[in-house]
Number of protein chains: 2
Amino acid sequence: MAAQTAVQPRLTPAARKILDAAETLFYNRGITAVGVDLIARRAGVTKKTIYDRYGSKDALVAAYLRRRDERWRTWLPAEVERTAAGGTACDRILATFDALGTWMGGQSPRGCSFVNAAAELTDPGHAGRQVIADQKHWLRGYLRELCERAGAADPGLLADELLLIHEGATVLYGLSAVPDPVTVSRRLAEAALLRAGCTA
Amino acid sequence: MAAQTAVQPRLTPAARKILDAAETLFYNRGITAVGVDLIARRAGVTKKTIYDRYGSKDALVAAYLRRRDERWRTWLPAEVERTAAGGTACDRILATFDALGTWMGGQSPRGCSFVNAAAELTDPGHAGRQVIADQKHWLRGYLRELCERAGAADPGLLADELLLIHEGATVLYGLSAVPDPVTVSRRLAEAALLRAGCTA
DNA sequence: CGCCGAGTATACCGACCTGTTTAGTACACT
DNA sequence: AGTGTACTAAACAGGTCGGTATACTCGGCG
């Protein structure tokens, strides 16, 4: 269940350039709107190389999502430990929202790549959809563990609430519908923690 | 500012059929993935008629979003009045989340059409982006008015929080990442109302 | 040496893309 | 009777889509 992301290190130089170009293009212009010819041009690579390395556009899309997932999974806990070092579990939970703001402000102003991808990948059989589901499942698991450590009355339910706030903040950030979604989300999280009787 | 949606009633029969077909296809398969030929075929109409009525695909996309916006704006307050008749402003606020569940369960299992469209319409100059911004702005205004009537300490801030919860619930619903996002969102809204000192 | 993996370059496939054009029909209003 | 609107039918443009085929170069390795 977790071995699928471990194949990545063996990327040929061209395969890496392809993934780099695909990531920027898919995220900024949309998956369907970007053709493989353009990716090849941007990567300074032949279309044949793309198909030799990835087999199909759909597989490349899945690889793109997998890579972002991988990055997020290693970055988020590290960032939380860095900013909430020495703090309580509650501090850590709140730190995930600050981290979200940092993440979005730094490289992802167009919202969550997974939510955006889900909007385009309408075929339920697409390989990318599993990656999307896995990502949300992982985040919920991570939050749930923090909730347990924080002494929440019902950690699973609180994790659901926090996940919902995360998604809401990300969407509002991408739509620029509200000036500072991160602050709003932090306030909501605080209220949820309070209600769940978190002490730590 | 509000006159743009009033032009709609004068739709020729063919124009209506086109919009009907476009709505289903755009929502279920994605905007970029659907071509005008397919829309024409589904609507039982010639491609020429589409261009005679709407001028371009982009304009048709904008019309599609405008129509969904219109439907939502008339439906939501009516549904809230219906389900929270005789209740307080707080009841009305909570009723918007139940309404969201009804809306999604009934016709929109793939999440919010505006969020999905925003993921695809990457060009900031696209006519549809304004419709998306207007829709979120309207919902925030509607929630804000309810918050005022509910006696919130800071109605604007509470409206931001509720809007965030709405978006989060919609996204989670579309991703099927959580069994019952509507209930989760209602709980969160209750906590937010409590914290805002709502009395009505 | 011989072979193979990784890569380039280029041409091609059929299908589909947005959008236009020409030609003609049906109908309502004045 | 005449005019404009709404529509059908069908072909056509120029380009892009995902994907394949052919032919070649280069470096490393046994």
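Chain identifiers are assigned alphabetically (A, B, ...) following the order of the sequence lines, protein sequences preceding nucleic acid strands; residue numbering begins at 1 within each chain.
- Here the CG atom belonging to B:Asn28 is positioned 6.5 Å from the CZ atom belonging to B:Arg110, to the nearest 0.5 angstrom.
- Contact between the side-chain N/O atoms of B:Thr12 and the OP1/OP2 oxygens of D:dC7 is found at a separation under 4.0 Å.
- Between B:Leu60 atom CG and C:dC17 atom P there is a gap of 14 Å when expressed in whole angstrom units.
- In the region residues 48-59 of chain B, proximity to DNA chain C at under 4.0 angstrom, judged on heavy atoms, holds for B:Lys48, B:Tyr51, B:Ser56, B:Lys57.
- To the nearest angstrom, C1' of C:dT22 lies 15 Å from NZ of B:Lys47.
- Pairs passing the ring pair (Phe, Tyr, Trp, His ring centres under 6.0 Å) check and including a residue from residues 13-57 of chain B, sequence neighbours excluded, read B:Phe26-B:Tyr64.
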Begin from the C-alpha positions of B:Arg29 and A:Thr122 and carry the test side-chain hydrogen bond (donor to acceptor under 3.5 Å, both in side chains) through to its verdict.
CA-CA 6 Å; B:Arg29 302 199 197 179; A:Thr122 59; over 6 Å; no
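- If you take CZ of A:Arg16 and C1' of C:dG7, they are 18 Å apart, rounded to a whole angstrom.
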With side chain to side chain contact (heavy atoms under 4.5 Å, CB included) as the test, would you mind laying out the steps for B:Ser185 and A:Glu161 before giving the verdict?
CA-CA 7 Å; B:Ser185 68; A:Glu161 293 179 359; over 6 Å; no
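- In the region residues 20-46 of chain A, proximity to DNA chain C at under 4.0 angstrom, judged on heavy atoms, holds for A:Gly44, A:Val45, A:Thr46.
- Residue B:Ile18 holds its CD1 atom at 15.0 Å from CZ of B:Arg42, rounded to the nearest 0.5 Å.
- Distance check: B:Arg67 CZ to B:Asp20 CG gives 4.5 Å after rounding to the nearest 0.5 Å.
- In this structure, CD on B:Gln135 lies 9.5 Å from CG on B:Leu65, to the nearest 0.5 angstrom.
- Atom NZ of residue B:Lys47 and atom CG of residue B:Asp37 lie 4.0 Å apart, to the nearest 0.5 angstrom.
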